[in-house]
Structure formats: structure tokens, C-alpha cells
**Q** 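My structure is below; once you've seen it, I'll send some questions.
All heavy atoms count here, side chains included; hydrogens, waters and symmetry mates do not. In what follows, every chain begins at residue 1, and chains take the letters A, B, ... in the order their sequences are listed. As the structure is a prediction and not an experimental result, all values here were calculated from the model.
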Amino acid sequence: MSERWERIYAVVCRIPRGRVTTYGEVAARAGILRGARQVGYALSALPPGSPIPWHRVLNARGESSLPGEEQRRLLEGEGVRFDARGRVDLARYGWR
DNA sequence: CGGTTGACTTTCC
DNA sequence: AGGAAAGCCAACC
């Protein structure tokens, strides 16, 4: 397991419950500038059922990059509201 | 070692 | 406003 991924996972784990952040943010905090894609790649390699709160990571628009509704359901379960377009208000729910 | 890939982002039309 | 194109960078094969 690459140390980069470990750092990415560590950052994701620090996202408070009920908050969200973007791939770019996670990358920056993990010390990988402009590594948004790498974050996505790392999360895609994440086994289902892992303790990592991957659902709190959204793209720059504040929407899910995954097909399906699973991520949305998980977030709504934490109190995160989606607008009519299926987007989250990053200014309100963003990490910091 | 080099081309392909992708749960991204930004910038132009 | 919405879509296409280009830029990015590490992991994979």
C-alpha cells in the first residue's frame, strides 16, 4: 500500500461527520498538490465496507461523481442537505 | 520504461 | 448556462 494513499485516507478520516469536502481539498491536505484525480483513484480502490468515510468527498461542484444514489443517501443520513439539482452547498457544509 | 486510465479541475467556447 | 477540451499526476499494465 502506497504511503500516499495512507495519507489520503488519513485526511478523509478527519472529515467531521455531517460535513463534506472536495477531492482537491483532500489532495492538498494530504500533501499532493493538484492530486484530485489521485484521490479519486485511491478511493475507487477502497474496498466496500471500509471504515473510511469516503462519501464525505465530493467534486468541486459539490456533487457526487459516482453513479447511483448511495453516496447521497449516506450523506443525508448525516444531515447533509442536497438542493434540487442534487448538489451540496459547499459554503455551508464544506469542511471549514 | 512508456502508453493508458481515471470517484478531478479549470478554462474556453 | 452547459458542454467540450486541455491540464494534471500517480497507479497500472
**Q** Okay, side chain of A:Tyr9, backbone of A:Ala42: is any donor-acceptor separation there less than 3.5 Å?
**A**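 Looks like yes, one N/O pair under 3.5 Å.
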**Q** Can you tell me which residue among A:Thr21, A:Val80, A:Leu75 is in a side chain to side chain contact (heavy atoms under 4.5 Å, CB included) with A:Arg56?
**A** A:Leu75
**Q** For A:Leu33 and B:dC8, give me the distance from atom CG to atom P, rounded to whole Å.
**A** 18 Å
**Q** Please state how far atom CD in A:Glu25 lies from atom P in B:dC8, giving the value in whole angstrom units.
**A** 16 Å
**Q** Kindly give the heavy-atom pair with the smallest separation between A:Tyr23 and A:Ser65, and that separation in Å.
**A**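 Where A:Tyr23 meets A:Ser65 most closely, the heavy atoms are CE1-OG, 3.9 Å.
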**Q** Measure from CZ on A:Arg87 to C1' on B:dA7 and round the result to the nearest Å.
**A**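 Roughly 18 Å, once rounded to whole Å.
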**Q** Whole Å only: how far is the CG atom of A:Asn59 from the P atom of B:dT9?
**A** 5 Å
**Q** Walking along DNA chain C from 5' to 3', note the first and the last nucleotide with an atom under 4.0 Å from a heavy atom of chain A, and give both.
**A**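 Range of nucleotides touched by chain A: C:dG7 to C:dC12.
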**Q** Is the shortest heavy-atom distance from the side chain of A:Val88 to the side chain of A:Asp83 under 4.5 Å?
**A** no
**Q** Send over the distance from A:Tyr23 OH to B:dT9 C1', rounded to a whole Å.
**A**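 Taking OH of A:Tyr23 and C1' of B:dT9, I get 12 Å after rounding.
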**Q** For A:Gly35 and for A:Arg61, locate the closest nucleotide of DNA chain C by heavy-atom distance; then report the residue assigned to the nucleotide nearer the 5' terminus.
**A**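 The residue mapped nearer the 5' terminus is A:Arg61.
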**Q** Rounded to whole Å, how long is the line connecting atom CG of A:Leu43 with atom C1' of B:dA7?
**A** 7 Å
**Q** Could you tell me the separation between the CD1 atom of A:Ile8 and the CZ atom of A:Arg29, rounded to the nearest 0.5 Å?
**A** 14.0 Å
**Q** Give, for atom CD of A:Glu69 and atom CD of A:Glu76, the distance between the pair rounded to the nearest 0.5 Å.
**A**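 The distance works out to 8.0 Å.
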**Q** Over how many whole Å does the gap from A:Leu90 atom CG to B:dT9 atom C1' extend?
**A**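 Distance, rounded to whole Å: 13 Å.
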**Q** Name the closest nucleotide to the A:Gln38 side chain, picking from B:dA7, B:dC8, B:dG6.
**A**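 Within the option list, the nearest is B:dG6.
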**Q** Considering heavy-atom distances to DNA chain C, does A:Arg37 or A:Ile32 have its closest nucleotide positioned more toward the 5' end?
**A**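 Closer to the 5' end of DNA chain C: A:Arg37.
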**Q** Check whether any side-chain N or O of A:Ser65 sits under 4.0 Å from OP1 or OP2 of B:dC8, and answer yes or no.
**A** yes
**Q** To the nearest Å, give me how far apart CD1 (A:Ile52) and P (B:dA7) are.
**A** 18 Å
**Q** Under a 3.5 Å cutoff, is there a donor and acceptor pairing between the side chains of A:His55 and A:Glu78?
**A** yes
